[in-house]
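Data block below; observations after.
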Amino acid sequence: MAAVVTAGTGRVWGILLVFIFNSCQSLFNGGDSYSRALTVQLFPNSNSTPPGGELLHVRAVGENDTLHFLFCSQGAPTLLIVHTNSSSSTVKVNWRQFLARNTSGSLTVEPQSSILYSTAVVFSRLLEYDDENNTAEATSNFFPAYELQDFSWSRMNLSDYTAVLCGSVPQSSNGSLCLQLSVFGSEGRAELWPRLLHSANSSQLEVWLNGLLPRSNTSRFILELQAVGGAYPLSKVDVLQFIDDEYTPSIFKVSQWVSSANNSSDVLGFIQWKPVAYRKSCPALEDATPCQNSDPLAQSGNTTTASSALIQAFYSDPKAMGMNVSFGMAGEPFYNSTMFLSWTMLVGVGSPPVDSFSPMVIGIMTAGLGIPIVLLLVGGVYLFFMKKKETSKMAYEPIN
Ligand SMILES: *[C@@H]1O[C@H](CO)[C@@H](O)[C@H](O)[C@H]1NC(C)=O
Ligand SMILES: *[C@@H]1O[C@H](CO)[C@@H](O)[C@H](O)[C@H]1NC(C)=O
Ligand SMILES: *[C@@H]1O[C@H](CO)[C@@H](O)[C@H](O)[C@H]1NC(C)=O
Ligand SMILES: *[C@@H]1O[C@H](CO)[C@@H](O)[C@H](O)[C@H]1NC(C)=O
Ligand SMILES: *[C@@H]1O[C@H](CO)[C@@H](O)[C@H](O)[C@H]1NC(C)=O
Ligand SMILES: *[C@@H]1O[C@H](CO)[C@@H](O)[C@H](O)[C@H]1NC(C)=O
Ligand SMILES: *[C@@H]1O[C@H](CO)[C@@H](O)[C@H](O)[C@H]1NC(C)=O
Ligand SMILES: *[C@@H]1O[C@H](CO)[C@@H](O)[C@H](O)[C@H]1NC(C)=O
Ligand SMILES: *[C@@H]1O[C@H](CO)[C@@H](O)[C@H](O)[C@H]1NC(C)=O
Ligand SMILES: *[C@@H]1O[C@H](CO)[C@@H](O)[C@H](O)[C@H]1NC(C)=O
Ligand SMILES: *[C@@H]1O[C@H](CO)[C@@H](O)[C@H](O)[C@H]1NC(C)=O
Ligand SMILES: *[C@@H]1O[C@H](CO)[C@@H](O)[C@H](O)[C@H]1NC(C)=O
């Protein structure tokens with residue numbers, strides 16, 4: 001009996017040790033060690049500063065591949081990611097055609113045969129509605145939408161591998177909508193909530209509204225996004241649940257808008273986010289507000305092409321899917337409470353990063369599993385020796 005107990009606990013210990021070892025390994029290795037060398041260039045392929053919005057190019061060179069991140073404020077803000085199977089692919093821009101915005105093919109990635117996949121996200125509109133009954137249902141009472149292609153966009157504020165772009169409503173200097181793009185050379189996690197896990201194959205985009213005057217005291221906002229691709233645009237949103245909220249307190253879900261090839265289950269590209277926005281620039285738990293997304297719907301590629309110079313320049317036959325993200329929930333404070341709202345997402349190629357258990361949860365699980373096992377083991381050993389004592393007593397008795 002005791003032998004069975006110890007053999008059993010031995011196996012559990014073995015499994016536990018392997019588990020702890022694996023977790024520690026992924027902790028110290030950082031899970032994924034794929035890294036990329038980054039170079040940043042504003043206005044690629046140009047000696048002068050063309051008029052109008054800006055175009056930023058971040059080249060992320062991996063072992064045998066390159067990711068080209070292109071971020072453009074000419075028209076609606078757009079991020080385009082092109083994945084090539086060569087570490088020497090380049091971006092070519094015909095600036096005269098690019099600025100004319102009437103032909104496709106004015107921005108190309110050479111050699112064309114090296115392109116594996118491309119995906120883009122366009123920030124097309126900001127919607128505002130008067131949630132007078134505090135239901136957050138967003139079915140009526142809409143104010144005229146803000147077309148982000150009509151905003152006046154500032155110069156990008158570049159530092160290291162991040163770029164901040166702010167835009168304001170034309171003829172008004174009150175408040176702005178800003179986007180911060182961060183590109184990464186290796187796996188990691190930002191300091192501020194929601195602390196999404198990123199890899200060298202993804203970039204982070206944070207969007208925030210700051211001081212934009214609401215048109216009613218009970219206004220709430222909705223952001224409209226368009227995902228654009230060639231053959232396989234992002235088409236469905238999956239929601240994953242998990243039990244660990246250490247990195248994003250109170251949030252146990254992650255949503256990912258993914259694209260997969262027709263008959264394969266491989267994810268080619270993604271936009272990933274946690275369904276939470278924050279009402280202050282330094283996020284805290286009391287400033288968290290839930291957000292919800294609509295189902296992606298196919299859009300006319302022509303509309304997207306007209307609103308974004310980058311889409312017009314790169315895609316000849318874009319396929320677009322639109323999705324709305326609405327901020328706030330019935331009963332939550334309105335936008336006027338802080339006049340601030342921020343939301344963060346990752347955009348990348350390949351499969352979205354998957355959060356593993358945090359060290360704290362591993363600790364709790366180890367303690368939770370470990371203490372009963374230690375008790376079991378101690379109990380087993382105790383029983384074993386008691387039994388042995390008894391049997392040795394019994395064995396000696398007949399002699400005496
Ligand atoms: C990169 O290419 C070289 C030469 O073709 C090859 O030896 C190496 O295994 C490749 N590395 C990866 C990660 O595919
Ligand atoms: C694009 O616009 C430019 C100037 O605005 C014009 O010269 C050119 O013919 C146009 N091209 C096409 C294909 O419409
Ligand atoms: C990848 O690289 C090879 C060799 O350079 C090339 O022949 C091929 O067309 C490239 N593109 C794709 C999509 O595999
Ligand atoms: C709010 O409630 C009032 C009274 O119940 C109703 O008349 C009005 O249509 C509601 N507004 C919205 C936007 O649902
Ligand atoms: C640009 O960013 C840096 C660091 O984030 C900040 O200190 C600086 O004030 C910013 N400049 C402008 C013009 O916003
Ligand atoms: C902007 O805000 C200032 C005060 O904060 C106000 O005086 C001004 O009228 C506002 N401008 C517009 C266009 O709303
Ligand atoms: C990133 O992409 C490279 C090249 O496609 C791949 O080898 C690597 O596993 C990817 N890393 C992650 C975390 O997806
Ligand atoms: C919004 O709230 C402020 C302060 O409570 C108030 O002065 C103002 O009249 C309100 N505006 C509207 C349109 O209800
Ligand atoms: C926001 O609007 C509500 C509802 O009208 C009002 O009671 C409140 O005072 C406003 N808050 C601010 C900060 O203006
Ligand atoms: C998938 O491929 C089949 C034939 O191979 C085609 O009939 C179908 O329309 C494709 N579906 C999509 C979503 O492209
Ligand atoms: C996927 O579909 C294409 C055509 O739609 C076909 O040629 C290919 O063999 C299919 N691949 C698999 C794995 O079924
Ligand atoms: C998109 O534009 C092309 C060329 O300008 C035109 O042929 C096509 O009919 C348009 N499609 C839609 C859905 O408007």
Side-chain angles (χ1 to χ4, degrees), residues 40-46 49-60 66-84 89-110 112 115 117-125 147-156 158 163-167 177-183 203 205 207 223-234 259 269 271 299-322 345 347-349:
V40 180
Q41 197 186 7
L42 202 56
F43 298 119
N45 228 229
S46 168
T49 301
E54 291 174 310
L55 176 64
L56 180 77
H57 176 212
V58 183
R59 199 158 175 270
T66 305
L67 282 175
H68 296 279
F69 294 88
L70 291 148
F71 189 43
C72 184
S73 60
Q74 186 121 175
T78 303
L79 173 68
L80 168 68
I81 307 179
V82 183
H83 190 199
T84 69
S89 58
T90 54
V91 167
K92 285 221 158 44
V93 188
N94 179 330
W95 279 101
R96 197 178 46 76
Q97 287 179 8
F98 187 90
L99 296 171
R101 289 178 64 172
N102 58 5
T103 49
S104 72
S106 60
L107 183 147
T108 54
V109 172
E110 307 281 351
Q112 301 252 19
I115 297 177
Y117 177 71
S118 69
T119 187
V121 54
V122 180
F123 292 83
S124 47
R125 298 199 298 169
E147 297 285 342
L148 298 186
Q149 60 174 316
D150 298 334
F151 271 34
S152 36
W153 296 100
S154 67
R155 296 271 149 203
M156 289 183 198
L158 303 175
V164 179
L165 177 67
C166 288
L177 180 140
C178 297
L179 296 125
Q180 174 171 324
L181 171 73
S182 310
V183 181
S203 57
L205 263 172
V207 190
L223 186 65
E224 184 189 88
L225 305 175
Q226 315 242 331
V228 184
Y232 305 109
L234 308 184
S259 105
I271 297 178
Q299 309 275 301
S300 152
N302 285 8
T303 319
T304 318
T305 299
S307 72
S308 161
L310 189 51
I311 300 298
Q312 165 79 71
F314 184 75
Y315 288 107
S316 55
D317 182 22
K319 305 273 185 298
M321 301 288 287
M345 67 192 205
V347 189
V349 299

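Summarising the geometry of G105 relative to T108, their closest heavy-atom pair is O-CG2, 3.7 Å, with the distance given to 0.1 Å. Here the closest heavy-atom approach between residue L107 and residue L310 is recorded as CD1-CD1, 3.8 Å. Of all non-hydrogen atoms in G301 and A320, the two that sit nearest each other are CA-CB, 4.4 Å. Between F43 and P50, the shortest heavy-atom contact is CD2-CD, 3.5 Å. In this structure, Q312 and R101 approach most closely via the heavy-atom pair OE1-O, 3.5 Å.
Checked by atom type and distance alone, the side chain of S307 never pairs as donor or acceptor with a backbone atom of Q149 at under 3.5 Å. At least one donor-acceptor pair closer than 3.5 Å links the side chain of S300 to the backbone N or O of N302. For the pair E54 (side chain) and M156 (backbone), a donor-acceptor distance under 3.5 Å is present. Side-chain atoms of S203 come within 3.5 Å of backbone atoms of V347 as a donor-acceptor pair (strictly under, hydrogens ignored). For W153 (side chain) and C72 (main-chain N/O), no donor-acceptor pair under 3.5 Å exists by modelled atom type.
Two residues are said to be in side-chain contact when any heavy atoms from C-beta on lie closer than 4.5 Å; V121 and M345 meet this criterion. Side-chain contact between V58 and F71: absent, with no pair of heavy atoms (C-beta onward) separated by less than 4.5 Å. Side-chain contact check for T49 versus R155: some heavy-atom pair is nearer than 4.5 Å. Two residues are said to be in side-chain contact when any heavy atoms from C-beta on lie closer than 4.5 Å; Q74 and L99 meet this criterion. Counting only heavy atoms from C-beta outward, the side chains of S182 and Q180 approach each other to under 4.5 Å. The shortest side-chain heavy-atom distance between L56 and L165 does not fall under the 4.5 Å cut-off. Looking at heavy atoms from C-beta onward, V93 lies out of side-chain contact with S46 at the 4.5 angstrom threshold. The side-chain heavy atoms of S259 and Y117, taken from C-beta on, include a pair separated by under 4.5 Å.
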Using the side chain to side chain contact (heavy atoms under 4.5 Å, CB included) rule, take F123 and T78 through it: C-alpha gap first, then chi angles, then the decisive distance, then the call. CA-CA 6 Å; F123 292 83; T78 303; over 6 Å; no
Would L177 and V207 satisfy side chain to side chain contact (heavy atoms under 4.5 Å, CB included), going step by step from the backbone distance to the final call? CA-CA 7 Å; L177 180 140; V207 190; 4.3 Å; yes
Verdict with supporting geometry, L70 and F314, side chain to side chain contact (heavy atoms under 4.5 Å, CB included): CA-CA 11 Å; L70 291 148; F314 184 75; 5.9 Å; no
From CA spacing to verdict: side chain to side chain contact (heavy atoms under 4.5 Å, CB included), M321, L234: CA-CA 7 Å; M321 301 288 287; L234 308 184; 5.7 Å; no
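With rounding to the nearest 0.5 Å, the separation of OG1 in T305 from CG in D317 is 8.5 Å. We find the CZ-CG distance between R125 and D150 to be 11.5 Å, quoted to the nearest 0.5 Å. Atom CG of L79 sits about 8.5 Å away from atom OG1 of T119, to the nearest 0.5 Å. Rounding to the nearest 0.5 Å gives a distance of 8.5 Å between CD1 of I271 and CG of L205. Considering CD of Q226 and OG1 of T303, their distance stands at 7.5 Å, rounded to 0.5 Å.
The one candidate from Q112, R59, H68 that meets the side chain to side chain donor-acceptor pair (under 3.5 Å) condition with S89 is H68.
Neither side chain, Y315 nor T304, offers a donor N or O lying under 3.5 Å from an acceptor on the other. With 3.5 Å as the limit, one finds a donor-acceptor pair spanning the side chains of S124 and E224.
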